[in-house]
Structures are given as structure tokens and as C-alpha cells.
There are 2 protein chains.
Amino acid sequence: MTKDSNTEQKIKEAAEQIFVKKGLTGARMQEIADLAGINKAMLHYYYRSKDKLFEAIFIELIGDFVPKIFGAMGSDLPIDKKVEHYVNEIISAMTTHPELPLFIFNELRNNPKEFINKMGINPGGMLEKIDAQLKEEAEAGNIRPIPVHEFMINMASMCVFPFLAKPMFQGMFKVDEATFYSIMEMRKKSIPEYIMNSIRVKN
Amino acid sequence: MTKDSNTEQKIKEAAEQIFVKKGLTGARMQEIADLAGINKAMLHYYYRSKDKLFEAIFIELIGDFVPKIFGAMGSDLPIDKKVEHYVNEIISAMTTHPELPLFIFNELRNNPKEFINKMGINPGGMLEKIDAQLKEEAEAGNIRPIPVHEFMINMASMCVFPFLAKPMFQGMFKVDEATFYSIMEMRKKSIPEYIMNSIRVKN
DNA sequence: GTCTATAAAGGGATAGAC
DNA sequence: GTCTATCCCTTTATAGAC
């Protein structure tokens with residue numbers, strides 16, 4: 001864990017910004033160099049090629065992001081608390097990096113196999129744990145039975161999709177940037193309610 | 001509405017396929033020509049430039065897609081039937097064009113203004129109509145009050161997001177292509193239930 | 001390590017024959 | 001309308017001085 005040289009750090013920050021915004025094919029090495037305030041040749045000195053640079057940035061972003069997302073589901077909390085925790089974590093993470101989901105899904109499409117290998121999916125048997133919790137609650141008569149994949153995809157959908165559809169959402173409902181983010185902030189409370197109400201058995 | 005020449009039709013089909021899969025910057029004119037089984041120069045003969053070709057394809061795709069999606073919400077059906085109708089329409093549309101949402105959201109990001117103008121959003125005061133219906137149902141004590149943007153984004157999220165996250169979903173839950181689509185087929189029934197249960201007041 | 005200069009490849013666009 | 005050949009700008013990548 002050695003401290004990166006100043007130049008390398010500047011390259012990383014610039015490359016992240018450009019790649020996330022424009023994608024691999026849309027980004028220009030010159031653009032990255034300019035933003036980093038260095039020469040184009042330096043990019044090749046530190047990373048041999050554009051592809052290698054992209055790969056490095058991608059790995060780093062995924063390494064930050066994916067554990068945060070899945071980590072929130074791995075705890076021993078009861079299911080409703082887990083949902084609250086997850087929704088909070090993921091909306092917070094995406095509020096600071098709103099372009100990340102589109103970037104990730106693009107790379108996912110271009111390179112599904114490598115991607116799935118790179119990211120540690122289902123750490124610590126998280127999915128099995130949630131599945132068990134859902135079954136318990138259903139048998140206790142608290143919720144209707146629901147497959148774990150349905151439960152997870154509904155939750156992820158409601159948290160992440162609005163960031164992907166942000167410009168369309170803003171166009172349709174005539175909301176500015178600040179309003180969009182305040183709506184997402186409120187959704188930290190409302191999404192867990194939608195989720196639990198959609199499966200809870202009322203007495 | 002003149003019948004397109006055979007060549008032009010082949011160009012359109014090839015360009016659609018390549019652009020949808022790789023985006024504007026990722027696509028290569030040579031690639032499109034090869035797939036169409038014609039020469040690269042022909043692309044410039046029919047459409048002056050790569051940008052113009054892309055624009056033409058984009059407009060056509062949007063023209064097919066957006067009205068279908070919003071149309072489903074403009075009827076005079078009661079709200080629960082409307083949801084069923086919408087969910088069916090959109091999942092069916094995306095099952096035949098699974099790459100379309102990512103393509104659209106990419107272009108949205110690159111060109112938000114033109115996009116919003118191009119697509120006829122909120123046709124026929126659809127949003128106001130739905131908003132009124134939600135308010136009526138809430139006043140009648142049938143559902144909890146919910147802002148129309150929350151209602152719409154939740155519904156769209158659960159329908160569209162799984163297609164965006166398809167490779168990740170398949171990786172996490174170990175499902176093949178056929179299984180993925182059969183899950184989405186089943187979601188035509190379950191999503192309307194989640195939606196309505198999440199806001200319905202039980203007696 | 002950092003720069004300038006330049007090579008080498010890629011890819012959009014056009015000229016001109018048929 | 002369709003093709004081949006080619007132009008030429010853009011962009012990645014490297015050589016070599018400092």
C-alpha cells in the first residue's frame with residue numbers, strides 16, 4: 001500500500017473523471033492529460049496503453065463500490081432494518097457518484113465475463129442469508145413468500161434506476177438538480193416502506 | 001411513406017444493431033458496412049455522415065418506443081388496470097429490444113437537451129391524469145397518498161432496471177438467458193402486485 | 001520522470017470510374 | 001447506385017533528448 005506519486009495520483013483522478021463521463025471509446029488520452037495538467041506521454045509511461053489505464057480505473061472504482069453495496073446486505077440485522085441500511089448506503093453512494101451506474105452497466109455489457117469475475121459477488125453467502133430470512137418471515141406469517149432475486153432486484157431497481165434515468169426524470173417532472181437530489185434523499189425513507197409494504201401481511 | 005430501397009433498408013438494420021450495441025463513439029462505419037454487406041462509401045451516399053446516420057437511427061427507435069411506453073399510461077382505465085397494462089407493454093417491448101434502455105440512457109447523458117425535445121414527453125396530460133387518479137383513490141381511503149413522480153419512477157424502475165442490470169443479475173443468481181426472460185415474464189404479474197400492495201390500504 | 005517531436009494506425013469522408 | 005482507391009485528420013503510441 002505505497003503512497004502513489006503525485007503524478008500518478010493526478011492521472012488517476014483525471015482518468016476517472018473522463019472515463020466515467022465519456023466511456024472507454026469516447027474518452028481521449030489528450031483530454032485526460034490536459035485535465036491532469038501533464039503530458040500525454042506520461043500516461044503511457046505510467047500505464048502502457050489506453051486500455052490498461054481504463055482497466056486500472058475500472059478495477060479501482062468497482063473495488064470501492066461493489067463491497068459497499070453488497071456489504072450493506074451481509075449483516076445480521078432483521079430484514080426490515082437491512083433494507084433501511086441498504087437503501088441508505090446505496091443512495092448515499094450514488095449521490096456522490098451519480099454517473100457511476102451508467103458507466104458500470106456499459107462496461108458490463110461490453111465485457112460481461114471479465115466483469116463478473118472481477119467483482120466479488122455474493123460475499124459471505126449474503127444471498128443465502130437473505131433468502132433464509134425471507135423464508136422465516138413468510139413461515140411466521142409476517143410477509144408473503146418472495147424469491148430472493150425478486151426482493152433484491154426490486155430494491156436495487158428503486159434505488160439505482162432513478163440515477164440512470166435522471167435526465168429523463170428531470171425532463172418529465174420539471175425538477176432541477178437540487179430538487180432531484182432532495183427527492184432521492186426522501187426516497188431513503190419511502191423506498192424501505194414501499195418494499196416492506198409490498199410484501200407485508202397486514203392484520 | 002415510400003418504400004425504402006433495399007440498400008437503405010439494409011443500412012438501417014445494420015446501423016441499428018451496431019449503434020445499439022456499441023454506442024455512437026464505439027461503432028465503426030466499416031463495421032456497419034460489413035454487416036449490411038455493402039461498401040462503406042454507400043453509408044455516406046445515403047446519410048452524409050456518421051452523426052447523421054446515428055441521428056436517423058435514434059429518431060426511429062425513439063419514435064417506436066416512447067409512444068408505446070407512455071401510451072400505455074394515457075388511457076381512462078382505473079389505476080390498477082393501468083399499471084397492469086403498462087407493465088405488460090414495457091416488459092414486452094424490452095424483451096424484444098433488451099439493449100435499448102442502455103442505449104437510450106447513454107444518448108440521454110451525452111445530449112440531454114436535444115433528447116428531451118425530440119421525444120414527446122407527457123402526451124395528452126397523462127401525468128396530470130394519473131396524479132388526479134392517485135389523489136381520488138387516496139381521498140376515498142383506498143391507497144396511501146403518493147406523489148405521481150414516486151409512483152411512476154417505482155413502476156418504471158422495476159420494469160426497466162432488470163434489463164440494464166441483466167448481466168449482473170445473471171451473474172449473481174446464476175441464471176441463463178431463457179431463465180432470465182421467463183423471470184421477466186413472471187414479473188408482468190408480480191410487479192403490478194408489488195406496486196399496488198405497496199400503497200394499498202388494507203381493511 | 002518529464003518533455004517534444006514524430007511515427008504508426010485508425011477511421012471518417014470524398015473523388016472518380018463504371 | 002455502387003464500387004475502389006485514396007485522402008487526411010484524429011488519436012494512440014513510441015523515440016529520444018534532457
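Here is how names work: the chains are called A, B, and so on, in the same order as the sequence lines, proteins then strands, and each is numbered from 1.
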Exercise: do A:Glu137 and A:Gln133 side chains pair donor with acceptor under 3.5 Å: no
B:Tyr194: partners by ring-ring contact (aromatic ring centres under 6.0 Å, His included), with sequence neighbours left out: none
Side chains of B:Thr179 and B:Asp176, donor plus acceptor under 3.5 Å: yes
Contact residues, residues 16-38 of chain A to DNA chain D [heavy atom, < 4.0 Å]: A:Ala27, A:Arg28, A:Met29
By ring-ring contact (aromatic ring centres under 6.0 Å, His included) - contacts of A:Phe65 (at least two apart): none
B:Lys40 or B:Thr7, whichever maps to the more 5' nucleotide of DNA chain D: B:Thr7
Ionic contact status for B:Lys22 with B:Glu31, cut-off 4.0 Å: yes
Residue from A:Leu102, A:Ile104, A:Thr96 passing side-chain contact (heavy atoms from CB on, under 4.5 Å) with A:Leu100: A:Ile104
Pair B:Gln30-B:Asp34, side-chain donor/acceptor within less than 3.5 Å: yes
Residue-level proximity of residues 43-51 of chain B to DNA chain C when a heavy atom falls under 4.0 Å: B:His44, B:Ser49, B:Lys50
Partner residues of A:Ser92 under the side chain to side chain contact (heavy atoms under 4.5 Å, CB included) criterion, sequence neighbours left out: A:Lys188
Expected output: side-chain B:Arg109 to main-chain A:Lys166 donor-acceptor under 3.5 Å: no
Name of the residue among A:Phe180, A:Phe169, A:Phe103 meeting ring pair (Phe, Tyr, Trp, His ring centres under 6.0 Å) with A:Phe163: A:Phe180
Start and end of chain A contact along DNA chain C [non-hydrogen atoms, under 4.0 Å]: C:dG1 to C:dT4
